[in-house]
Structure formats: structure tokens, C-alpha cells
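Structure first, commentary second.
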Amino acid sequence: MKKMKKILALALAGAMVLSFAACGSKDETAKDSSSKETITFGTNAEFPPFEYVTSSGTIGEFDGIDMAIAKQIGDDMGKEAKINNMEFDSLLLALDNGQVDAVIAGMTVTDERKESYDFSTPYYTATQVMIVKEDSDIQKASDMKDKKIVVIQGYTGETCVQDLGYEYEAFKKGTEAVMELVNGKCDVVVIDSATAEKFVGDNEGLKIVEDPDTFEAEEYAIAVKKGNTELLNEINASIQKMLDNGTVSELSAKYLDVDTEEDASGSDAE
């Protein structure tokens with residue numbers, strides 16, 4: 001009888017060990033499936049068609065050309081792309097502080113920025129243009145003198161107007177700037193060309209005026225911390241693949257055809 005009890009006790013102990021092992025295996029599996037690495041991009045979702053807030057976006061509530069590129073970079077790296085939305089002027093500071101891994105926000109590569117940050121392969125070329133009313137007499141940049149000019153704070157358009165020596169008013173949101181023009185409270189908005197196309201398409205009575213002699217072409221790229229070569233190389237590999245296979249061109253065509261007016265006007269973030 002004692003021998004039988006000993007055998008039963010050993011069998012029970014073995015079953016318990018197997019049970020705990022199985023539970024441990026399940027826990028580890030669950031842990032592995034929920035601990036996928038992430039890459040966090042900083043953006044300013046006020047810049048359609050590159051980034052804006054919508055009810056169902058490519059990454060959470062965020063959509064646009066840049067957001068689709070960010071998601072693809074994450075997929076290529078085997079990571080989940082996440083978005084930290086903030087004011088444009090705060091993006092590079094957030095990168096410095098480690099709040100984000102990279103910045104993708106229709107950000108123009110400049111010599112000044114390159115002194116402190118590393119930039120990816122450029123993925124888009126744009127220029128500054130002027131949005132005016134259809135009956136406006138502004139035909140070139142010099143015609144803006146003595147006009148009421150509006151720009152978006154921190155954007156390249158603000159720098160261009162500063163360089164021209166003209167007075168201006170800066171808004172934090174592109175939609176607010178354009179509504180100033182729509183409502184007759186300003187004469188011209190200086191902004192990036194692709195975004196200008198979206199705003200003009202979404203608001204009747206506006207047109208775009210170009211002045212290539214004044215506004216030079218600029219390149220958009222992704223910013224990372226200075227010296228973060230490993231991340232930069234991974235981002236570059238993904239961008240180059242998207243450039244080579246036509247993904248970037250396809251995204252540009254797709255999002256330039258997307259109506260973002262309702263989403264932009266109905267969201268606090270826009």
C-alpha cells in the first residue's frame with residue numbers, strides 16, 4: 001500500500017510539473033505575441049495630403065502619404081509603427097529627448113537642420129507656392145509686398161517670407177490659415193505645393209500662384225538623431241525600395257485624390 005501511494009504521489013508530481021510547464025509555455029507565447037517592437041514617428045498632423053487626422057487612418061487615426069510611408073518602414077523593419085502627434089516646432093526637440101525615434105512630417109532638409117540631425121534619403125520634392133483668391137492681383141512673390149500674408153508656424157513658407165523681408169501672421173494649423181483667406185481676412189497664404197493643391201481643391205474660389213524664380217525646390221526626408229546610423233540605414237533601405245518600385249509615386253497620386261476637407265475641419269488636431 002505504501003509503495004502504491006508513493007507511485008501515485010510521483011505520478012501526481014509529474015503531472016503538476018507538466019502542467020506548470022505548459023502554462024509557462026502559453027504565457028511565454030502570449031508574451032511574445034504582444035511584445036512586438038515598435039518604432040515611434042513624430043509628426044504634425046496638420047499637413048494634408050502628407051499627414052492628417054481621419055476617422056480610420058493608416059496608423060490609428062492618422063493618414064496621408066507620410067503615414068503610409070511610416071507604416072511600410074515599420075513593416076520592413078518587423079516593427080509596429082506608432083505616431084506621436086504634436087506641434088511642428090516641437091518635433092525635433094521630441095527627437096532630442098527620445099520621445100520619438102524619427103520625425104516624418106513633410107520636413108524639408110536644410111543645411112541648418114543637417115548640422116544637428118541626420119536625414120534619410122529624400123522621398124518627395126516640393127516647392128513653396130502662394131494661395132490667393134481667384135480675382136487676386138498677386139502674380140509673383142514680389143506682389144505680396146504690402147499685402148496681408150499668412151503662413152504656418154515653423155513651415156518653410158514662414159522662412160521664405162522672412163527672407164523676403166515681408167511682414168506676416170503665422171498660424172499653427174494650415175486649415176486656419178486657409179480659412180483666413182477664404183473669409184477675406186488675408187490676401188495670400190504661402191505654403192508647400194502639394195498641400196496647397198489639397199486646400200485649393202477643397203475650397204472654391206481659390207487658386208495657386210507659382211514663382212519658381214523666388215521659391216526654390218525643396219526635399220522632404222525623415223529625421224533621426226545625429227549618429228543613429230543603424231536606424232537611418234534601415235529607414236533608407238525601406239525608402240529606396242519604395243522609390244524603386246513606385247510606391248511613393250502611387251501614394252502621392254492616391255492621397256492627392258483623397259478628400260480631406262471633412263476630416264480636417266472636424267478634428268481638433270487639424
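Keep in mind that what you see is a predicted model, and the values were worked out from it rather than measured. Atom set for the values below is all heavy atoms of this structure, side chains included, hydrogens, waters and symmetry mates excluded.
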Which donor-acceptor pairs under 3.5 Å do the side chains of residues 177-187 make with protein atoms, sequence neighbours left out?
from: N183; atom 1: ND2; to: M179; atom 2: O; distance (Å): 3.1
from: D187; atom 1: OD2; to: K148; atom 2: N; distance (Å): 2.7

Expected output: side-chain [X] to main-chain [Y] donor-acceptor under 3.5 Å:
X: T125; Y: E219; result: no
X: D118; Y: G227; result: yes
X: E51; Y: G64; result: no

Residue from I69, L91, I104, I59 passing side-chain contact (heavy atoms from CB on, under 4.5 Å) with F41:
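Testing each of I69, L91, I104, I59 against F41, the sole residue satisfying side-chain contact (heavy atoms from CB on, under 4.5 Å) is I104.
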How far apart are the C-alpha atoms of Q139 and D211, what are their side-chain angles, what is the distance that settles it, and do they pass the side chain to side chain contact (heavy atoms under 4.5 Å, CB included) test?
CA-CA 8 Å; Q139 299 180 10; D211 187 348; over 6 Å; no
Side chains of [X] and [Y] only: does a donor on one sit below 3.5 Å from an acceptor on the other?
X: Q153; Y: E87; value: no
X: N44; Y: Y155; value: yes
X: N85; Y: T43; value: no
X: N236; Y: Q240; value: no
X: D66; Y: Y220; value: no
X: T247; Y: Q72; value: no
X: D63; Y: Y255; value: yes

Answer yes or no: is there an ion pair linking K140 with D143, defined by an N-O contact shorter than 4.0 Å?
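A salt bridge is present here (some side-chain N lies under 4.0 Å from a carboxylate O).
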Restricting to non-hydrogen atoms, name the atom on G74 and the atom on I39 that form the minimum distance, rounded to 0.1 Å.
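So the two residues come closest at CA-CG2, 4.1 Å.
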I need the minimum non-hydrogen distance between V224 and A102, along with the two atoms involved.
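Of all heavy-atom pairs spanning V224 and A102, the closest is CG1-CB, 3.9 Å.
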